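What follows is one structure encoded as structure tokens, with my remarks underneath.
These values consider heavy atoms only, across backbone and side chains, with no hydrogens, waters or symmetry-generated copies. It should be emphasised that the depicted structure is a prediction, and the values quoted were computed from it without experimental measurement. Here is how names work: the chains are called A, B, and so on, in the same order as the sequence lines, proteins then strands, and each is numbered from 1.
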Number of protein chains: 2
Amino acid sequence: MIGGWEDIRAEVLRRIRVRDWPPGDLIPTEEALAIEFGCARATVNRALRELAEAGVLERRRKAGTRVAMLPIRKATLDIPVIRQEIEARGQTHAFRLLQQHEGPPPVPVASRLGLPATARLIYLETLHLADGQPFVLETRWLNPAVLPAPLPDFAALSANEWLVTHIAYATGDIAFSAQTATAHEATIMGLSPHAALFITERTTWTAEAPITFVRLAHAPGYRVQTMV
Amino acid sequence: MIGGWEDIRAEVLRRIRVRDWPPGDLIPTEEALAIEFGCARATVNRALRELAEAGVLERRRKAGTRVAMLPIRKATLDIPVIRQEIEARGQTHAFRLLQQHEGPPPVPVASRLGLPATARLIYLETLHLADGQPFVLETRWLNPAVLPAPLPDFAALSANEWLVTHIAYATGDIAFSAQTATAHEATIMGLSPHAALFITERTTWTAEAPITFVRLAHAPGYRVQTMV
DNA sequence: GATCGCATTATGTGCAGACATAATATCCTT
DNA sequence: AAGGATATTATGTCTGCACATAATGCGATC
């Protein structure tokens with residue numbers, strides 16, 4: 001029972017796997033495949049487009065479709081709200097606002113946001129707890145110029161959650177790295193001095209202006225998991 | 001000039017952003033939107049499907065399409081071959097095979113691969129260098145039962161690259177974490193005793209059987225970067 | 001021989017109509 | 001009132017056709 005675009009995608013993948021179509025090879029045109037599979041070209045197109053998005057195929061107009069030479073695997077991972085992430089583990093979420101003030105950001109932060117170092121930003125330092133244990137230390141700079149007024153009380157409502165419900169669907173970039181805990185972090189989070197922290201850094205933009213830069217320092221044991 | 005599915009996607013996003021359609025809200029049906037935008041339903045479908053894949057919308061047959069309550073952001077990142085990654089930085093890649101032997105894997109490895117602890121696997125320990133400096137320590141267990149013979153000389157050809165060209169398009173999962181360097185790792189990579197390593201762990205499967213489990217310990221300073 | 005322009009071609013996108021599928025809502029029965 | 005069969009509805013997918021767009025490669029021109 002063959003016919004759906006998912007069947008076609010599976011068949012194409014199979015041919016690639018068994019090296020019918022080796023890496024770098026040009027595969028038949030959509031029209032040829034449509035005839036072979038006895039379906040419309042749009043159906044073949046749908047299947048091949050999915051595979052191209054997954055990095056398995058490379059497509060160019062006129063040039064045709066070829067099997068990717070070096071299969072740069074693409075992994076997609078979910079970036080949930082912290083509360084949601086903790087509750088998904090069956091733990092209870094709480095947080096404490098440690099610091100809040102307004103002033104010019106450090107130079108690296110300003111440059112990542114593309115703002116002058118003289119810009120006045122809101123700084124928030126929040127510790128998130130899972131079942132009472134330190135889970136992640138959030139240090140955030142907010143650009144008040146682009147935020148809808150009035151700002152909430154960040155001691156009562158995590159900036160994390162206020163943003164996702166008030167700045168819908170912004171873009172940005174995310175970076176992961178590992179860093180040794182600073183003395184300050186070790187103290188706050190109750191860690192040994194040289195603990196390895198998993199760091200997530202995120203810059204968020206509206207179409208025009210930077211909104212926020214956030215650095216999340218995750219306690220040891222934290223993992224980001226993905227299904228390919 | 002409105003009409004393409006990308007324009008429709010943009011317009012829907014705009015309405016979500018300005019809270020015309022707040023989170024949790026049911027938006028008009030594809031047919032209604034098609035009439036409003038003066039296009040075919042298939043075009044609206046394409047736009048809404050993309051937004052649903054991005055996690056912005058939630059769609060269910062008959063129930064309709066609603067704006068996602070908690071926008072679980074999805075980030076996609078590229079997982080390149082190590083050599084490629086180093087060369088993309090303009091550095092030269094080299095590697096040294098430190099260990100190779102065959103035997104039963106440690107229990108955690110066996111369980112992640114779904115194999116009995118008595119299985120005989122090939123163990124490889126490889127240090128990858130960027131411009132002569134330790135870049136990443138690769139520890140890998142290979143399942144010889146599912147590998148095409150003959151196996152190459154892993155001292156001459158990195159397992160990393162041999163696999164991508166000989167096991168086309170397998171599936172698997174990836175996990176990222178941070179760990180303090182062990183004494184062994186610190187020595188091999190020339191690090192201070194408590195350096196924070198960025199760890200990538202990857203399990204790879206064919207349709208039926210596990211192929212390999214690999215742990216990559218990246219030298220301090222390593223970052224995984226993403227554009228959302 | 002080098003360059004520009006044009007025809008060719010494969011993919012990208014669009015449209016109108018149709019049927020499939022899943023999930024809800026409703027009605028009927030007990 | 002509870003339960004199950006059925007109608008309804010919104011999305012999911014397919015078809016066949018059309019035109020748009022980009023990139024290649026050929027040929028004409030200088």
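Rounded to whole Å, atom P of C:dG12 lies 11 Å from atom CH2 of B:Trp5. One can place CD1 of A:Ile27 at 13 Å from P of C:dA10, the figure rounded to the nearest angstrom. Atoms CZ (A:Arg66) and P (D:dT24) sit 10 Å apart, rounded to a whole Å. Regarding B:Glu58, its CD atom lies at a distance of 16 Å from the C1' atom of D:dA10, rounded to whole Å. Remark: P of C:dG14 and CG of B:Asp7 are 8 Å apart, rounded to the nearest angstrom. Summarising the geometry, the separation between CD on B:Glu50 and P on C:dG14 is reported as 11 Å, rounded to the nearest angstrom. We find that CD1 of B:Ile35 is positioned 13 Å from P of C:dC15, with the value rounded to whole Å. Atom CZ of B:Arg49 is separated from atom P of D:dT13 by 7 Å (rounded to the nearest Å).
Contact annotation: A:Asn45 side-chain N/O to C:dT13 OP1/OP2 distance is not under 4.0 Å. At least one side-chain nitrogen or oxygen of B:Arg59 sits closer than 4.0 Å to the OP1 or OP2 atom of D:dT11. Residue B:Arg41 places none of its side-chain N or O atoms closer than 4.0 Å to OP1 or OP2 of D:dG12. The shortest distance between the side-chain N/O atoms of B:Thr43 and the OP1/OP2 oxygens of C:dC15 is below 4.0 Å. The phosphate of C:dG14 has neither OP1 nor OP2 within less than 4.0 Å of any side-chain N or O from B:Arg46.
Picking from D:dT15, D:dT24, D:dA10 the nucleotide with the shortest atom distance to the side chain of A:Arg60 gives D:dT24. Considering only side-chain atoms of B:Ala40, the nucleotide from D:dT11, C:dT11, C:dA16 that sits closest is C:dA16. Out of D:dC14, C:dT11, C:dT9, the shortest distance to the side chain of A:Lys62 is found at C:dT9. Side-chain proximity of A:Arg61 to D:dG16, D:dT21, D:dT11: nearest is D:dT21.
For A:Glu31, the CD atom is loosely surrounded, since the number of other residues' heavy atoms within 6.0 Å does not exceed 12.
Nearer the 5' end of DNA chain D, as judged by each residue's closest nucleotide, is the contact made by B:Glu31, out of B:Glu31 and B:Ala42.
Of the inter-residue distances, the one linking B:Ile82 atom CD1 with B:Thr200 atom OG1 reads 9.0 Å to the nearest 0.5 angstrom.
With B:Asn143 contributing its side chain and B:Ala145 its backbone, the two residues share a donor-acceptor pair below 3.5 Å.
A:Asp173 and B:Thr226 share no side-chain donor-acceptor pair at under 3.5 Å.
For B:Glu201, the side-chain contact (heavy atoms from CB on, under 4.5 Å) test picks out A:Arg223, B:Arg112, B:Ile199, B:Phe213, B:Arg215, with sequence neighbours left out.
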